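Below is one structure, written out as structure tokens, with a few remarks after it.
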Amino acid sequence: MMAAKALPGGRAASAPLLGHDIEPTIFEMSVAGRAAYQLRTTGVAATPLNELVPSTHLNPDVVPLAEVSERDLVAHFTRLSHRQFSVDLGAYPLGSCTMKYNPKFCDAVAADPGLNSVHPGAPAELTQGWLDLLVTLEETLCVITGMSAATLQPSAGAAGELTGLLLMRAFHTANGDPRRRVLIPDSAHGTNPASVTLGGYEVTTISSNDRGLVDLDALKAALGPDVAGIMLTNPNTVGLFEEEITEIATAVHDVGGLLYYDGANLNAILGVVRPGDMGFDIVHMNLHKTFATPHGGGGPGAGPVAVSSRLAEFLPGPKATRLADGTFDWTTPARSIGRVHGWHGNAMVLARALAYIDVHGGDGLTRVAQHAVLNANWLRKRLSATLPAAYDRTCMHECVLTAAPLKAKYGVRGLDVAKALLEEGFHSPTVYFPLIVDEALMFEPTETESLQTLESLAEAIERIERRAASDPESLHRAPQTTPVSRVDEARAARHLVATEDAAQR
Ligand SMILES: Cc1ncc(COP(=O)(O)O)c(C=O)c1O
């Protein structure tokens, strides 16, 4: 037997691994000379590598890859996958993040070799099908949002936000004054102020009123000729529809500002109301939330940005374009801000999104929004005695509840409830966001959860409440039955150890 390497906890690499609490890294499992598979020798001499690839392109160093058998390799990643909670495993009501189940049909489309074996640098005459797909997606997104033109380049929501702010700046600069400030409500997602700063603007925060909406008077008081625009999510991050959006749009436009729509919550209004009709000038969409492709976990995303006609000439390029003769080519808008992606965007996320839109059709997309809103309101009502809503009104696709009563009665916090839900087989909701709600727990069930699943989730929360009354201490230690128990999240963020030996520190 090969010499075994010591693993964390003093185990040997050759020890059976199932059931151990710490999974070694693939490098810790490595044994010199072991290989995933070996081909039978045919007697035909192999061509030396430097005859196939010019030596200037060959790496002279040996790349230190893990040497493991195929069995160990597959088992390692299978074990790791069993330690995850995923959208394929159960309800993932992580508010604002829209972790909905993604139809496998969309993956099948993206796996088509006709799509995924094409190099992004291939000339337009050889990739007419791909260009057609991109143009059709752009046109479809414009219909859905009520805008005129779009870019598919941004890789995620935050990248879309930055693109939108660069478009805002380009527009104002072209009009002779880039302006100085961008307004953001105090309930906004953290990426909004970060994007404003990266876009070279100053943030002015607008307070929310006691109904969880933008305070119109505070907004009007903050407006002036130096305001480049406002960034809004509608429904906002409290899950509520900004009812005074028309008044907000008029007030901002009256000072020459632009309205930016953070489309992270677009899944709530699909086919019901359009940002363009509300008065927005720039819209980003999180395709990875609204139209298939799981969000989070480091997977690729897509944050296309759609604009009204007066901003179209500034869009990033090159972009796929339908020519007068019905063929397609790459063109760059007249006053483009340039590229915001190395190629044309995260192509497979774009392909999945078009597949999702196509398979649902207009009526299907409307039902997605209606069911998402119905599910969130059902849960809000069902839980009202345990976790009351922060704002007790009809919500949109997500509901912000508060654990403040549990804290007052039992000393049990929102974080404890969220962690205990993991023991119950549900992913936690978003906690402590938005910042304006005390002990916030933000649930977004999405349209994909059934009534039975929602009822089970509600029963799990009621069990946690009973536990809070009888044994609050145990909730401070939850979860205990998961592969990883309660972690010190502040320490993890402040002392990041992003190396393979992190488990030993
Ligand atoms: C309201 C809101 N805006 C922006 C973003 C940023 O999107 P992304 O994570 O794709 O960068 C999110 C992400 O959850 C969000 O919820």
Side-chain angles (χ1 to χ4, degrees), residues 87 92-100 102 141 145 151-166 182-199 203 205-206 208 212-214 230-242 259-269 275 280 282-306 340-341 345-346 348-350 352-353 372 376 395-400 427-437 440-446:
V87 283
Y92 208 128
L94 197 62
S96 193
C97 288
T98 316
M99 292 296 290
K100 66 179 169 188
N102 296 273
L141 294 177
T145 53
T151 171
L152 304 176
Q153 284 189 17
S155 318
E161 289 174 27
L162 178 58
T163 306
L165 282 147
L166 295 177
V182 172
L183 313 185
I184 300 184
D186 57 4
S187 60
H189 192 261
T191 48
N192 291 184
S195 301
V196 168
T197 308
L198 274 177
V203 174
T205 307
I206 307 297
S208 301
L213 306 175
V214 168
I230 183 168
M231 286 185 94
L232 279 183
T233 319
N234 198 14
N236 65 18
T237 51
V238 192
L240 303 175
F241 194 83
E242 293 287 353
L259 274 87
Y260 181 96
Y261 182 83
D262 173 340
N265 296 330
L266 186 68
N267 56 320
I269 58 165
F280 284 93
I282 309 171
V283 175
H284 93 249
M285 289 149 270
N286 292 51
L287 298 192
H288 47 293
K289 294 171 160 198
T290 307
F291 307 116
T293 304
H295 177 245
V305 174
V340 293
H341 191 280
N346 281 334
M348 293 311 158
V349 183
L350 302 176
R352 278 189 181 86
C395 62
M396 297 295 288
H397 63 310
E398 56 198 6
C399 53
V400 179
H427 195 278
S428 306
T430 296
V431 291
Y432 303 116
F433 177 74
L435 303 175
I436 54 173
V437 173
L441 289 168
M442 184 196 247
F443 286 90
E444 180 176 359
T446 83

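Treat the numbers as computed from the prediction; the structure is a model and nothing was measured. First listed ligand is number 1; within each ligand, the first listed atom is number 1. The chain is numbered in sequence order, starting from 1.
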Heteroatom distance test ([X], ligand 1): nitrogen or oxygen, under 3.5 angstrom:
{"X": "C97", "value": "no"}
{"X": "T237", "value": "no"}
{"X": "N192", "value": "no"}
{"X": "D262", "value": "yes"}

### Message
Between K289 (side chain only) and L266 (backbone N and O only), is there a donor and an acceptor less than 3.5 Å apart?
### Response
no
### Query
Just by modelled atom types, is the A302 backbone N or O under 3.5 Å from a matching donor or acceptor in the N346 side chain?
no
Residues [X] and [Y]: side-chain donor-acceptor under 3.5 angstrom:
{"X": "T98", "Y": "E444", "result": "yes"}
{"X": "N236", "Y": "E242", "result": "yes"}
{"X": "T205", "Y": "D186", "result": "no"}

Any non-hydrogen side-chain atom of [X] less than 4.5 Å from a side-chain atom of [Y]?
{"X": "N265", "Y": "E398", "value": "yes"}
{"X": "I269", "Y": "P275", "value": "yes"}
{"X": "L141", "Y": "M285", "value": "yes"}

Tell me which protein heavy atom sits closest to [atom], plus the residue, atom name and distance to 0.1 Å.
{"atom": "atom 11 (O) of ligand 1", "answer": "A158 N, 2.8 Å"}
{"atom": "atom 9 (O) of ligand 1", "answer": "H295 NE2, 3.2 Å"}
{"atom": "atom 16 (O) of ligand 1", "answer": "S96 OG, 2.5 Å"}
{"atom": "atom 8 (P) of ligand 1", "answer": "G157 N, 3.5 Å"}

State the atoms of ligand 1, each with its element, that fall below the 4.0 Å cut-off from a heavy-atom position in [X].
{"X": "E161", "answer": "3 (N), 4 (C)"}
{"X": "T191", "answer": "3 (N), 4 (C), 5 (C), 6 (C)"}
{"X": "N286", "answer": "7 (O), 8 (P), 10 (O)"}
{"X": "K289", "answer": "12 (C), 13 (C), 14 (O), 15 (C), 16 (O)"}

### Task
Give the contacting part of A264 toward ligand 1: side chain, backbone, both or neither, where contact means a heavy-atom distance below 4.0 Å.
side chain
### Query
CG of L162 to NE2 of H284: how many Å apart, nearest 0.5 Å?
12.0 Å
